[in-house]
2 protein chains.
Amino acid sequence: MPDAVRPSKREETRRETERTILAAAEKVFAEAGFGGATMQLIADMAGLPKANLHYYFPTKEALYRRVVGEIFEIWLQAAEALDQAQCPVEGIGAYIDAKMEISRRHPFGSKVWASEVMHGAPVIQDYLESTLRDWTEGRAAAIRRWISNGQMQPVDPHHLLYMLWATTQHYADFGHQIETLNGGRPLSDEDWAAATRSVKEIILRGVGAL
Amino acid sequence: MPDAVRPSKREETRRETERTILAAAEKVFAEAGFGGATMQLIADMAGLPKANLHYYFPTKEALYRRVVGEIFEIWLQAAEALDQAQCPVEGIGAYIDAKMEISRRHPFGSKVWASEVMHGAPVIQDYLESTLRDWTEGRAAAIRRWISNGQMQPVDPHHLLYMLWATTQHYADFGHQIETLNGGRPLSDEDWAAATRSVKEIILRGVGAL
DNA sequence: GTCTATATCGGGATAGAC
DNA sequence: GTCTATCCCGATATAGAC
């Protein structure tokens with residue numbers, strides 16, 4: 001029974017089609033919102049007939065749930081940057097690096113998440129109350145430890161975390177506005193590097209870690 | 001002709017009905033997005049039959065445009081806080097105060113704006129390219145002046161402005177997430193004061209103005 | 001598993017009485 | 001100026017052939 005060891009050809013194509021659909025859905029949900037997105041648009045972008053989407057995902061909402069869940073997982077992994085550090089300069093700096101990179105690589109996912117939260121998190125409220133709450137308390141504890149050790153000023157850990165989320169995600173969520181103010185051109189490699197440097201510099205000096 | 005001097009009774013009621021519709025629309029657009037909002041929902045919330053909305057605003061999009069324009073105006077007025085100051089502590093501090101107060105008083109408008117920009121600003125792109133661009137350049141010049149005067153560190157003015165927008169608007173746009181992490185309770189007066197203090201402290205120290 | 005054709009419903013917009 | 005009834009389109013979801 002090789003199926004248990006290695007995915008069969010059938011399962012492989014299934015995964016591939018699923019990835020195609022999810023990528024298309026992420027983009028369309030980000031650009032049009034849940035209400036504005038249509039299964040037809042997603043199907044067109046994925047190069048599939050509309051009926052196939054319903055074969056892979058029973059409803060529009062089920063497809064949306066999967067898209068939101070994926071960006072959440074990506075963000076949780078960025079937490080490791082914070083955890084494995086001994087000082088705020090290294091920990092917060094690496095976290096900003098990681099979050100900025102995610103904003104650049106996954107702008108659609110970031111927007112879908114933002115939209116979901118703005119609408120009151122109807123689909124992922126359970127994540128907020130369990131996983132995110134635990135995550136936040138853990139990081140807040142780490143920050144308090146740095147403060148106790150005299151490695152940074154006594155700032156409120158929660159508000160610091162909100163600032164980290166806000167500033168980094170802003171480059172994804174408000175990317176269109178930033179691009180417009182950049183003369184209509186997308187940020188270059190150097191622009192992204194400068195943005196990351198600015199954010200790190202202001203925040204690290206702001207918490208008294210520099 | 002008193003009509004030219006003082007609004008007639010007819011015009012007064014018209015204004016009042018318009019305000020009622022706009023307030024309801026702001027809330028519904030914020031909570032459901034443009035695509036998810038329905039004229040029926042807005043009408044119910046305003047306590048009016050659906051047809052009346054179309055009497056006051058020809059289309060759903062026209063109504064939406066008005067809502068987006070209003071929050072933009074409010075934000076532009078907050079700019080005065082920045083302009084009338086002689087030093088960054090006063091100017092940036094007052095701007096943060098003003099923006100945080102707006103996040104608290106107009107969370108729906110902030111969300112509608114965020115949603116609009118995230119979707120590529122299909123309706124207010126002209127504002128971004130004219131008014132907002134001019135506004136931004138003006139404020140950036142003021143910041144450069146403070147830097148030249150040695151009143152703060154040489155940070156990139158644009159990235160500083162993005163950080164100011166991101167951090168302050170986050171309390172409106174992601175208010176639901178913050179509330180959830182606050183134990184499900186809305187921020188109290190003291191919570192808002194503490195948030196504003198944190199933001200000001202970190203950013204002002206971060207730019208070397210303290 | 002894939003696609004075409006279609007049922008069904010909900011929402012924007014309007015006609016026309018009052 | 002206000003409201004009821006209705007038109008009409010577009011979107012989700014499905015039936016059923018291949």
Side-chain angles (χ1 to χ4, degrees), chain A residues 3 6-68 112 115-116 119 122-123, chain B residues 3 6-68 112 115-116 119 122-123:
Chain A
D3 280 22
R6 191 175 52 81
S8 68
K9 186 119 191 171
R10 185 168 293 174
E11 278 168 347
E12 262 179 50
T13 41
R14 184 180 179 91
R15 283 223 174 260
E16 271 176 40
T17 309
E18 222 177 72
R19 291 307 322 163
T20 308
I21 294 172
L22 283 169
E26 187 183 7
K27 191 167 186 324
V28 173
F29 281 133
E31 289 174 351
F34 179 81
T38 69
M39 295 297 267
Q40 187 63 62
L41 256 169
I42 298 171
D44 291 348
M45 180 150 302
L48 291 168
K50 195 176 56 161
N52 281 29
L53 269 59
H54 283 101
Y55 177 74
Y56 280 87
F57 299 92
T59 65
K60 182 184 174 182
E61 190 176 321
L63 174 54
Y64 174 78
R65 250 190 99 88
R66 274 287 296 276
V67 171
V68 177
V112 175
S115 188
E116 165 70 7
H119 297 355
V123 171
Chain B
D3 281 20
R6 191 176 51 85
S8 67
K9 186 119 192 171
R10 185 168 294 177
E11 278 168 347
E12 262 180 50
T13 41
R14 185 180 179 90
R15 284 223 173 260
E16 270 177 41
T17 309
E18 221 177 72
R19 291 307 322 162
T20 308
I21 294 172
L22 283 169
E26 188 185 7
K27 192 169 183 334
V28 173
F29 282 133
E31 289 176 351
F34 180 81
T38 69
M39 295 296 268
Q40 187 64 63
L41 255 169
I42 298 171
D44 291 349
M45 181 151 300
L48 291 168
K50 194 175 58 161
N52 280 31
L53 269 58
H54 283 101
Y55 177 75
Y56 280 87
F57 300 91
T59 64
K60 183 184 175 183
E61 189 177 321
L63 174 54
Y64 174 78
R65 251 190 98 88
R66 274 287 297 276
V67 171
V68 178
V112 175
S115 188
E116 165 70 7
H119 297 354
V123 172

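Protein chains get the first letters and strands the later ones, always in sequence-line order, with residue 1 at the start of each. As the structure is a computational prediction, the values presented were derived from the model and not from experiment.
- No donor-acceptor distance shorter than 3.5 angstrom exists from the side chain of B/K50 to the backbone of B/D44, with no hydrogens or angles considered.
- As rounded to whole Å, 15 Å separates atom C1' of D/dG1 from atom CD of B/E16.
- Considering only heavy atoms from C-beta on, B/Y64 comes within 4.5 Å of B/V112 through its side chain.
- Side-chain contact check for B/V68 versus B/V123: every heavy-atom pair is 4.5 Å or farther apart.
- Between B/F34 and B/F29, the two ring planes are parallel [angle under 30°; tilted spans 30° to 60°].
- The CG-C1' distance, from A/N52 to D/dT12, rounds to 15 Å in whole Å.
- Residue-level contact check: B/Y56 touches the backbone only, with heavy atoms under 4.0 Å from sugar-phosphate atoms and none from bases.
- For B/L53 and D/dT4, the CG to C1' distance is 16 Å, given to the nearest whole Å.
- Distance from the side chain of B/Y55 is smallest to D/dT2 among C/dT4, C/dT2, D/dT2.
- Side-chain contact between B/E18 and B/R66 is present, with at least one heavy-atom pair separated by less than 4.5 Å.
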Protein and nucleotides 9-13 of chain C: nitrogen or oxygen contacts under 3.5 angstrom:
residue : atom : partner : partner atom : Å
C/dG12  : OP1  : B/A37   : O            : 3.3
C/dG12  : OP1  : B/M39   : N            : 3.3
C/dG12  : OP1  : B/K60   : NZ           : 3.4
C/dG12  : OP2  : B/M39   : N            : 2.9
C/dG12  : N7   : B/K50   : NZ           : 3.1
C/dA13  : OP2  : B/H54   : NE2          : 3.2
C/dA13  : OP2  : B/K60   : N            : 2.9
C/dA13  : N6   : B/K50   : NZ           : 2.9

Apply side chain to side chain contact (heavy atoms under 4.5 Å, CB included) to residues A/L22 and A/L63 and explain how you reach the verdict. CA-CA 7 Å; A/L22 283 169; A/L63 174 54; 3.9 Å; yes
